[in-house]
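Computed from a prediction, not measured in an experiment: that's the story for all the values here. Proteins get letters first, then strands, A, B, ... in listed order; numbering begins at 1 in each.
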Amino acid sequence: MALATVEGRIYVNEAGRHVAEDVWVFGWLYHRRDKGKLQFLLVRDGTGIIQCVVSKADVDEATWQQAAELTQESSVKVYGTVRQDPRAPGGYELLLKRLEVVQIAKDYPITPKEHGVDFLMDHRHLWLRSSRQHAILRVRHEIIRAIRDFFDERGFVLLDAPIFTPAACEGTTTLFETDYFGQKVYLTQSGQLYMEAGAMAFGKVYCFGPAFRAERSKTRRHLIEFWMVEPEVAYFDLDDDMRLAEELIEYLVQRVLERKRQELEVLERDLAPLEKIRAPFPRISYDEAARILEEAGTGFRFGDDFGGTDETVLSERFDRPVIVHRYPAAVKAFYMKNDPEQPDRALCMDILAPEGYGEIVGGGQREDDLEILERKIEAHNLPRKAFEWYLDLRRYGTVPHAGFGLGIERTVAWICGLSHVRETIPFPRMLYRLEP
RNA sequence: UCCGGCGUAGCUCAAUUGGCAGAGCGGGUGGCUGUUAACCACUAGGUUGGAGGUUCGAGUCCUCCCGCCGGAGCCA
């Protein structure tokens, strides 16, 4: 279905269906080369890049001159005959007949040569036009679409959680505080507590939205604002939860392999490790993980949560994501249910992505007993009043339930094989970087 | 916040022990009928992040400040 509203206008990715036809392409000049009485204009329109051949013999002098004056990222409308030609990048080219210049762009800052991270981040609004960023963000789009498909196919209801919250979901991390008509409120760091309410109402729910963490983290795996999908299911235990999470991850990887090969190629992603991502994933307990780390000598001490290097060491032992379960309850959030067989352990799990990409999933079974939960809220020094509604969920028809959160940017970084999450979101928010 | 590194043309970088600030890309001008980050010739372009100091002389050494990058902690 063509969206073009002008007679004869096509998008670049439709060129193959219009061979030998005269068409318009509206876009921007990506690059220009000339060779005597020939000019090659690479025109991008968002769906792809097509080479336009301008032959001095075929166009009038004014058109030839206009084409010669085009600069990088000038906006243009080109009209010509679509041809199949093996010499053209992408296989198709446009033999130019007419040219309309919308605007000549002066001194576009991003050239086809190499640039530093700082410069590119300062020009993120323009950097989005380059083909590598296109590939990454198209993979992101596909992953988001696949997430929705996965849950929708399984009968989950999308239930959006609020962004403004009166209290912390997890007391441990720092929150962004703001003013809500004179009342202190915070930007959400997770929609989970609301999803628990949703699960008691709809059985199977998920939310998909941004999360904000005011942590002064400066690593390749951190953003201040990131996106997360959080399913929550009633009558689910930890094992059910692990199965759902690994099924989702397998689904996402396979979907990208199936539909975004070209993008992965642009990114020079090694596909072999991705092909191996099939459920079930290995499961190890915190104790087993701790033994591995103590042998490896990472400096890890039993009882701690894992650090970045610990996660890398663990994930490198497996060719698939690895599920680590039953952490010490002391290092985990108040809402986690304790393991009845080992009361000092929480019924929780983290999934570590392969190739050192770190934790992409965190979740587990929630505490469903009113009295235990009340004691935990107290023990964690949380404001009881803000959690009354949450405690209601345990007063009125409480059931075992579980869920998890999957971080979009880390998942995209892993699947694309990137060295930093900053390129996986259109406009990253990082420590000391708020613009553009 | 802590530890480490870096800051030279619009961009990416070079500059010997402290001794004439340079190259490629991009821009400009000219040439070439199949280029693939084309190529060739010519050309313009600098308060070496900022302030102070040492020295006959500082891009280079010292002090402070600013910015960025990487890592740690914390986390998805």
Side-chain angles (χ1 to χ4, degrees), chain A residues 30-42 49 51-58 64 68-69 71-73 83 85-91 93 95 105-123 126 130-132 169-175 189-192 210-230 245 298-299 304-312 331-333 350-353 357-363 404-414 419-422 424-425 430-433:
Chain A
Y30 195 69
H31 197 49
R32 200 183 72 86
R33 289 183 282 269
D34 55 32
K35 182 144 192 354
K37 297 187 172 58
L38 276 182
Q39 295 184 54
F40 299 94
L41 312 178
L42 293 180
I49 298 175
Q51 170 168 283
C52 298
V53 183
V54 190
S55 163
K56 194 162 189 179
D58 295 349
W64 174 261
E69 282 163 13
T71 53
Q72 198 186 347
E73 289 304 318
R83 299 184 4 180
D85 193 314
R87 292 170 296 186
E93 63 182 20
L95 196 60
K106 287 220 162 50
D107 301 322
Y108 183 71
I110 302 180
T111 67
K113 276 278 181 173
E114 284 167 34
H115 297 282
V117 173
D118 187 31
F119 177 81
L120 289 171
M121 291 303 293
D122 282 345
H123 296 85
L126 303 176
S130 69
S131 47
R132 186 182 153 80
C169 302
E170 309 176 21
T172 54
T173 48
T174 340
L175 291 160
Q189 50 186 196
S190 160
Q192 186 205 310
F212 307 89
R213 306 261 166 109
E215 296 158 5
R216 297 191 179 276
S217 302
K218 249 175 78 76
T219 81
R220 68 184 71 223
R221 303 184 307 279
H222 286 88
L223 293 170
I224 300 301
E225 178 181 314
F226 66 99
W227 286 67
M228 201 160 48
V229 59
E230 295 175 279
T298 60
D304 289 352
D305 209 338
F306 304 126
T309 17
D310 298 325
E311 289 182 354
T312 304
V331 301
K332 288 293 178 181
D350 283 353
I351 303 186
L352 308 180
Y357 278 93
E359 184 182 342
I360 52 171
V361 163
F404 62 84
L406 173 122
I408 302 306
E409 288 75 19
R410 286 188 186 175
T411 303
V412 176
W414 162 48
S419 59
H420 201 295
V421 292
R422 66 186 154 219
T424 64
I425 184 166
M430 301 188 298
L431 190 59
Y432 309 131
R433 193 179 280 285

Among [options], the nucleotide that comes nearest once only the side chain of [X] is considered:
| X | options | value |
| --- | --- | --- |
| A:Lys218 | B:rC74, B:rU35, B:rA72 | B:rA72 |
| A:Arg216 | B:rA72, B:rU1, B:rG34 | B:rU1 |
| A:Ser217 | B:rC74, B:rC69, B:rG27 | B:rC74 |
| A:Arg213 | B:rG70, B:rC75, B:rU33 | B:rC75 |
| A:Lys35 | B:rU33, B:rG27, B:rA76 | B:rU33 |
| A:Thr111 | B:rG26, B:rC32, B:rU12 | B:rG26 |
| A:Arg410 | B:rU1, B:rU35, B:rA76 | B:rA76 |
| A:Val53 | B:rA76, B:rG26, B:rG34 | B:rG34 |

Could you give the distance separating [M] and [N] at their [atom1] atoms, to the nearest angstrom?
| N | M | atom1 | answer |
| --- | --- | --- | --- |
| B:rC75 | B:rU17 | P | 48 Å |
| B:rU16 | B:rG22 | C1' | 14 Å |
| B:rA44 | B:rA37 | P | 30 Å |
| B:rG57 | B:rC65 | C1' | 26 Å |
| B:rU55 | B:rG50 | P | 23 Å |

Original post:
Using a cut-off of 4.0 Å on non-hydrogen atoms, how would the nucleic acid contact of A:Arg83 be classed: base, sugar-phosphate, or nothing?
Top reply: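 Contact class for A:Arg83: base.
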
**OP:** Please work out if A:Gly116 contacts a base, only the sugar-phosphate, or nothing of the nucleic acid, heavy-atom cut-off 4.0 Å.
**Re:**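 Result for A:Gly116 = sugar-phosphate.
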
Original post:
Between B:rA72 atom C1' and A:Asp304 atom CG, what is the distance in whole Å?
Top reply: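 The distance from CG of A:Asp304 to C1' of B:rA72 comes to 14 Å, rounded to the nearest Å.
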
Subject >> Aromatic ring of A:Phe40 stacked on base six-ring of B:rG34, 5.5 Å, 30° >> reply: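 Whether judged by distance or by angle, A:Phe40 falls short somewhere, so it does not stack on the base of B:rG34.
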
Subject >> Worked verdict on A:Leu120 versus A:Ile110 for side-chain contact (heavy atoms from CB on, under 4.5 Å) >> reply: CA-CA 8 Å; A:Leu120 289 171; A:Ile110 302 180; 4.3 Å; yes

Original post:
More 5' along RNA chain B: A:Gln51 or A:Tyr432, using each one's nearest nucleotide?
Top reply: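 The residue closer to the strand's 5' end, by nearest nucleotide, is A:Gln51.
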
Subject >> Closest-nucleotide 5' rank along RNA chain B - winner of A:Asp305 and A:His115 >> reply: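 The answer here is A:His115.
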
Subject >> For B:rU63, the Watson-Crick or wobble partner whose two distances fall under 3.5 Å >> reply: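 Paired with B:rU63, as far as the under-3.5 Å criterion goes, is B:rA51.
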
Original post:
In the structure shown, which nucleotide is the Watson-Crick or G-U wobble counterpart of B:rU8, with both distances under 3.5 Å?
Top reply: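 Because no pair has both required distances under 3.5 Å, B:rU8 counts as unpaired.
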
**OP:** Not counting sequence neighbours, which residues clear side chain to side chain contact (heavy atoms under 4.5 Å, CB included) with A:Ile224? List them please.
**Re:**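 Partners of A:Ile224 by the side chain to side chain contact (heavy atoms under 4.5 Å, CB included) criterion, ordered by chain and then number, come out as A:Phe176, A:Arg429.
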
